[in-house]
Number of protein chains: 2
Amino acid sequence: MSRRLPGAGGGRTGIRQVADLAGVGIASVSRVLSGQPGASPQLTERVLAAARQLGYAPNALAQNLRRRTTRSIGFVGSDIRNPLLSSIVGGAEAVLSAAGYSVLLTNSGGVPDLDARRIEVLLQRQVDGLILLPASEGDPATLAALRGTDVPIVVIDRILPVDVNACYVFSDHRAGVGDATRHLLLQGHRRIGLAVAEGVRPSRERILAVEDAYRGLDLVADILVELGALSTERGENAMEAFLDRADPPSAIILGGNQLLEGALNVVRRRGLRLGKDISLVCCDDLPLSRLYDPPIATVMRDTSLLGQRAAEMLLEQLAHPHPIEPIVLPTWFIVRASCGKPT
Amino acid sequence: MSRRLPGAGGGRTGIRQVADLAGVGIASVSRVLSGQPGASPQLTERVLAAARQLGYAPNALAQNLRRRTTRSIGFVGSDIRNPLLSSIVGGAEAVLSAAGYSVLLTNSGGVPDLDARRIEVLLQRQVDGLILLPASEGDPATLAALRGTDVPIVVIDRILPVDVNACYVFSDHRAGVGDATRHLLLQGHRRIGLAVAEGVRPSRERILAVEDAYRGLDLVADILVELGALSTERGENAMEAFLDRADPPSAIILGGNQLLEGALNVVRRRGLRLGKDISLVCCDDLPLSRLYDPPIATVMRDTSLLGQRAAEMLLEQLAHPHPIEPIVLPTWFIVRASCGKPT
DNA sequence: TTGAAAGCGCTACCAC
DNA sequence: GTGGTAGCGCTTTCAA
């Protein structure tokens, strides 16, 4: 029994209305509008006219349910407010939307448990794929959620257990931090402080890079590591921890731009001269890093590209799932005046 | 042992499988899992057990199609890479996901035509509502797309024609810029350069605020306005345009943090001393603005709050559509050393 | 209390 | 070529 009211305001305009107005079957409407071959010019014409007249747009929900694909992907990150993440998201969104995909964005705020929940929601929503930059690499709930699905997963700068079946896009943190460390060592620094996040790949790589650099110059590694979150406060704490030691490092590498502001606060507060009393290198850029006085030496990378590559990799997997080698994108060190010789 | 092997058992686990395993009808499964009253304890128990055993999660697509609501909202912005936008998105996402909504994020890159397309896509995807921060206020395609829908729309810092039927969250740009201008005038500045984006509410408000400030002090307004995009290059151009004049302004207000880096480049290149040779105020913060030498005087606002309020307003409209007054959130001026007396 | 069945709006198969 | 029609997986009457 049809419950469509006659005239305006009755039912929403669906494929049925278009078919009626054009005087054809709904199958034909579907075919024409989805550009499938095998419709006569005049039928095509009639359908198009009717659709235009009604301002018809297909209900993606129904299409998706039927087609068993949503052309949407889920992005799971910790905090979009972080310029790093937003740049990655921006890069990924550009590629994905150009390919006709929509991005479902979730923010866990760094709470692992939320990561898991958000992933479950995304999977319920039948996303076709996932791009992940989780706060932690080992959260059981997150891993369980991930193991329960078949959709392609691309992970950025994290390593998940093999049974999760993900693809990877990494930054070559070793290159940039290695160069930075070598520079510091050649300047004469012998004890280096390293403040990094806990339990994620970039931190491990950075620590290894520093160690390697010592070794490469036949020096005995003398490294102080501060593990913790990535935040302004943490930047302050770590910096103070380094400087309060009886044997403070003469150079410090910050494993994240979120730490920079805090670290600089401490430097100022203590009246230290950057590049003289203490040398500083920051991983990842900030808009004014280059213009700071003195300019902040930085380990750079193209974060937008990181997102783009992740998206491309996902699209590839969507088209044709297959095991694939991780992509490794470059980082590079830019010497600036925040690094100087030790006193 | 709840994980199903791929391919095992034939069909994906749907409500049907749960019903069969529990030996009940699918209607009962639906009722139990959506927490509707009127199911006996033992039925509930059986269904829950079966669902758990199969690792069943309802297909949100099917639910949404049937319920005619998706619990998703679309966010349309120009560039998520802009810290301002990412902070707004972050605030909105937090509120929305806490309320059970997902966010579909789109980035137009500032191309008005893309704004329109993205909105159409979101509407096809049946989002329940829209949060907009469009690049332009007057793009015909965008407005047409917006007029074609009934979903609640919340617009941030833009004004759309009344026939679009949107709700608004504004920043009180006049307060902050007014205070900044008064400060500059009281310092003795008489000619002020203002670099703002073209054709959007914040720019109009800022111009008015500057004019009002002159008037309030019984001064004849002497304002130079540079209209354009918001980018580093534009910051350079605008700054050069101001400084190249025969009668350059002694103080400059930048209507967007995207302009700051470019403006500072020019200041440096020309060897000008900020706060002495030229005074500078920037609208919206950057992580290192406060630590710059000299610190950058800034018109502040809580951008995350902007996103939160927008989200809350949308949720309100979702629950109960009704005309509602715009929300206006504060901005405030923070004097810093980049402002000084004119020479 | 429970279940069968009618769709939600669409695609794709199959017959004409 | 074209148009019925059977579902996609779910919710929600309605009847039992």
Side-chain angles (χ1 to χ4, degrees), chain A residues 1-4 10-48 50-51 54-72 121 123-128, chain B residues 4 9-48 50-51 54-72 121 123-128:
Chain A
M1 167 81 64
S2 168
R3 56 219 250 311
R4 295 189 309 112
R12 292 217 70 43
T13 103
I15 198 171
R16 175 84 260 162
Q17 282 65 44
V18 179
D20 287 353
L21 179 59
V24 303
I26 63 168
S28 295
V29 177
S30 173
R31 257 186 239 112
V32 169
L33 294 183
S34 44
Q36 286 178 37
S40 70
Q42 53 269 55
L43 204 182
T44 303
E45 179 61 24
R46 293 238 304 281
V47 169
L48 256 26
L54 292 174
Y56 170 73
N59 181 326
L61 233 47
Q63 291 182 314
N64 293 342
L65 180 60
R66 187 53 235 239
R67 290 177 170 153
R68 314 178 127 279
T69 163
T70 56
R71 291 213 150 235
S72 70
V121 169
L123 291 175
Q124 271 189 241
R125 285 186 184 272
Q126 312 297 120
V127 294
D128 291 344
Chain B
R4 300 180 336 98
R12 296 209 66 52
T13 106
I15 199 171
R16 176 84 262 161
Q17 282 65 42
V18 178
D20 287 352
L21 180 58
V24 303
I26 63 168
S28 296
V29 177
S30 173
R31 261 186 234 110
V32 169
L33 294 183
S34 45
Q36 287 179 37
S40 68
Q42 52 269 55
L43 204 179
T44 303
E45 178 63 23
R46 293 239 301 281
V47 168
L48 256 27
L54 293 173
Y56 171 74
N59 181 326
L61 234 46
Q63 290 182 315
N64 294 342
L65 179 60
R66 189 51 235 244
R67 290 177 171 154
R68 313 177 129 281
T69 163
T70 57
R71 291 213 149 236
S72 69
V121 169
L123 291 174
Q124 270 189 241
R125 285 186 184 273
Q126 314 294 123
V127 293
D128 291 343

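Because only heavy atoms are used, hydrogens play no part in the values below, and waters and symmetry mates are left out as well, while side chains stay in. Small disclaimer: the values here were computed from a predicted structure and weren't measured. Letters A, B, ... mirror the listed sequences (proteins, then strands); counts begin at 1.
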Q: Could you tell me the separation between the CZ atom of B/Arg16 and the C1' atom of D/dT11, rounded to a whole number of Å?
A: 14 Å
Q: What is the nucleic acid contact for B/Ala19, judged by heavy atoms within less than 4.0 Å: base, sugar-phosphate only, or nothing?
A: nothing
Q: Could you tell me the separation between the CD1 atom of A/Ile26 and the P atom of D/dG7, rounded to a whole number of Å?
A: 15 Å
Q: Given atom CZ of B/Arg31 and atom P of D/dC10, what is their separation to the nearest angstrom?
A: 15 Å
Q: On the nucleotide D/dG9, are OP1 or OP2 found under 4.0 Å from the side-chain N or O atoms that B/Gln63 carries?
A: no
Q: Assign A/Ala39 to base, sugar-phosphate, or nothing according to its heavy-atom contacts below 4.0 angstrom with the strands shown.
A: sugar-phosphate
Q: B/Ser28 side chain N/O closer than 4.0 Å to the phosphate oxygens (OP1, OP2) of C/dG3?
A: yes
Q: Would you say B/Ser34's side chain and B/Ser30's backbone share a donor-acceptor pair under 3.5 angstrom?
A: yes
Q: Atom CG of A/Asn64 and atom P of C/dT11: how far apart are they, to the nearest Å?
A: 10 Å
Q: Does B/Arg67 put a side-chain nitrogen or oxygen below 4.0 Å from OP1 or OP2 of D/dT11?
A: yes
Q: Could you say whether B/Val24 or A/Ser30 is positioned toward the 5' end of DNA chain C, judged by the nucleotide with the nearest heavy atom to each?
A: B/Val24
Q: Considering heavy-atom distances to DNA chain C, does B/Leu65 or B/Pro41 have its closest nucleotide positioned more toward the 5' end?
A: B/Pro41
Q: Starting from P on D/dC8, measure out to CZ on A/Arg66 and report it in whole angstrom.
A: 8 Å
Q: Students often get this wrong, so: under 4.0 angstrom with heavy atoms, is B/Ser40 touching a base, only sugar-phosphate, or nothing?
A: sugar-phosphate
Q: Taking only N and O in the side chain of B/Gln42, is any of them less than 4.0 Å away from OP1 or OP2 of C/dT1?
A: no
Q: Which whole-number value in Å describes the distance from B/Gln36 CD to D/dT13 P?
A: 9 Å
Q: Can you tell which of D/dC10, C/dG3, C/dG9 lies closest to the side chain of B/Asn59?
A: D/dC10
Q: With distance as the sole test, does A/Arg31 use its side chain to make a donor-acceptor pair with the main-chain N or O of A/Gln36 at under 3.5 Å?
A: no
Q: Looking only at side-chain atoms of B/Ile15, point me to the closest of C/dC8, C/dC10, D/dC10.
A: D/dC10
Q: Would you kindly give the CG-to-P distance between A/Asp20 and C/dG9, to the nearest whole Å?
A: 13 Å
Q: For B/Arg125, run the side-chain contact (heavy atoms from CB on, under 4.5 Å) check against A/Asn64, A/Asn59, A/Leu61 and tell me which one passes.
A: A/Asn64
Q: Ignoring hydrogens and geometry, is there a side-chain-to-backbone donor-acceptor pair from B/Thr44 to B/Val32 under 3.5 Å?
A: no
Q: Kindly compute the distance separating CZ (A/Arg68) from CD (A/Gln126), expressed to the nearest 0.5 Å.
A: 9.0 Å
Q: Roughly, in whole Å, what's the span from CG in A/Leu61 to P in D/dG7?
A: 21 Å
